[in-house]
> 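Take this structure first; my questions come after.
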Amino acid sequence: MSRTFAKLEGVTKCYGDGARQACVLGPVDLEVASGEMTLVMGPSGSGKTTLLSILGLLLAPTEGRLSLAGEKVGDLPESRRAALRRRHVAFVFQHFNLLESLTACENVRVGLVHAGLSGRKADRRSREILGSLGLSGKEDSLPRELSGGEMQRVGIARAIAMPGRLVLADEPTAALDSVTGEAVMTTLADLARREERAIVAVTHDPRWPPLAHRVLAIRDGRITHEERRESSMPFSSAV
Ligand SMILES: Nc1ncnc2c1ncn2[C@@H]1O[C@H](COP(=O)(O)OP(=O)(O)OP(=O)(O)O)[C@@H](O)[C@H]1O
Ligand SMILES: [Mg+2]
């Protein structure tokens, strides 16, 4: 049922060269499917952010092959890689990265206008998406007037307002209290299902696996365990 959206084959990442070379990732084989939320869990320094950066075309692998949306990324020039990234990848950051002087709506709208939407259309789409994430009435609030969970949901709105089907979230709940963290992870899991996005989220929190379709354990740069959950449960029935 699910379709592969990103694929890594024999991917490694090494830093430095010669005797000082350190290989921090791989080899990793991984397929990420649309309609699924995959969690990546592992100790600090195990390579989670490196893996996410390679998937999101922010970092080139040292070896191996990567394809995204059916296109082989390996030999493409940087300009073409950047175009693929803009078209297909959305990032949700741990610390939201909202622009402090812009309202919630304006924070979402910026990327849409940059992508070529008219001001009116961008405004309408921003409000629609904020509403779908439970932020109706907060559209015109500044980040400092929002709670942590609300700010993170604006960050998610900003990411998913764009067409990028691969949504990468690096510890999206780390800065949140547990209740808002739960709302954010539920939102991401719903998005995978509802909008057929391929979502990959790094987390340390043992409460989220029941929400995911798939959980990967990573240690010393390698995927050491994979657990697939045929039907991810809503959080309330998982506790
Ligand atoms: N630019 C770099 N140059 C050299 N080593 C690096 C570089 N970036 C990351 N590393 C090393 O690669 C390893 C994996 O880093 P990574 O950021 O992927 O870990 P992580 O699993 O995300 O950890 P955390 O949970 O602490 O965020 C670490 O040992 C790190 O020190
Ligand atoms: Mg990290």
Side-chain angles (χ1 to χ4, degrees), residues 5-32 36-68 73-74 78 81-82 85 88-98 148-149 151-152 155-156 158-159 164 166-178 180-182 184-185 187-189 192 197-227:
F5 191 72
K7 186 171 181 180
L8 305 186
E9 289 174 283
V11 161
T12 67
K13 182 69 193 176
C14 301
Y15 290 107
D17 44 30
R20 292 163 47 133
Q21 190 180 56
C23 293
V24 302
L25 188 73
V28 166
D29 295 304
L30 176 65
E31 291 189 22
V32 175
E36 291 190 350
M37 178 162 81
T38 300
L39 294 186
V40 180
M41 305 184 83
S44 179
S46 57
K48 304 181 298 295
T49 297
T50 305
L51 177 64
L52 228 56
S53 305
I54 289 175
L55 266 175
L57 311 189
L58 287 174
L59 196 63
T62 305
E63 290 176 307
R65 287 171 302 284
L66 162 62
S67 64
L68 187 66
V73 179
E78 174 49 33
R81 286 163 54 91
R85 181 169 60 234
H88 295 298
V89 189
F91 294 93
V92 176
F93 299 98
Q94 176 176 346
H95 292 289
F96 328 134
N97 286 10
L98 300 181
M151 281 193 263
Q152 186 55 295
I156 293 172
R158 184 183 48 190
L166 177 63
V167 179
L168 302 175
D170 200 349
E171 304 198 37
T173 63
L176 304 177
D177 65 73
S178 62
T180 43
E182 180 189 327
V184 162
M185 291 311 285
T187 300
L188 287 174
R197 308 255 188 171
I199 297 188
V200 184
V202 167
T203 182
H204 287 285
D205 197 318
R207 292 178 307 152
W208 309 143
L211 289 173
H213 298 85
R214 189 183 184 204
V215 182
L216 304 175
I218 181 168
R219 187 170 281 271
D220 297 332
R222 288 175 183 245
I223 295 171
T224 53
H225 185 72
E226 172 175 350
E227 190 181 335

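Indexing begins at 1, ligand by ligand and atom by atom, following the structure's order. We number each residue from 1, following the sequence as shown.
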> Would you say the side-chain atoms of Gln152 pair up with the backbone N or O of Pro172, donor to acceptor, closer than 3.5 Å?
yes
> Could you pull out the closest heavy-atom pair between Ile218 and Thr224, with the gap in Å?
N-OG1, 4.4 Å
> Is it the case that more than 12 heavy atoms not belonging to Asp220 sit under 6.0 Å from its CG atom?
no
> Under 2.8 Å from the Mg ion (ligand 2), which protein N, O or S atoms are there? Could you list them by chain and number?
Thr49 OG1
> Would you call Arg214-Glu226 a salt bridge at under 4.0 Å N-O?
yes
> With no hydrogens and no angle check, is any side-chain donor or acceptor of Arg207 less than 3.5 Å from a backbone partner on Gly181?
no
> What residues come within 4.0 Å of ligand 1, counting heavy atoms only?
Tyr15, Val24, Pro43, Ser44, Gly45, Ser46, Gly47, Lys48, Thr49, Thr50, Glu171, His204
> Could you give all pairs that pass the salt bridge (Lys or Arg N to Asp or Glu O under 4.0 Å) test and reach residues 6-15, with sequence neighbours left out?
Lys7-Glu31, Glu9-Arg65
> What residue pairs, at least two apart or across chains, pass salt bridge (Lys or Arg N to Asp or Glu O under 4.0 Å) with a residue in residues 19-28?
none
> Taking Glu182 for the side chain and Asp177 for the main chain, is one N or O donor matched with an acceptor at less than 3.5 Å?
no
> Give a yes or no on whether the backbone of Asn97 and the side-chain of Arg158 come within a donor-acceptor separation of less than 3.5 Å.
yes
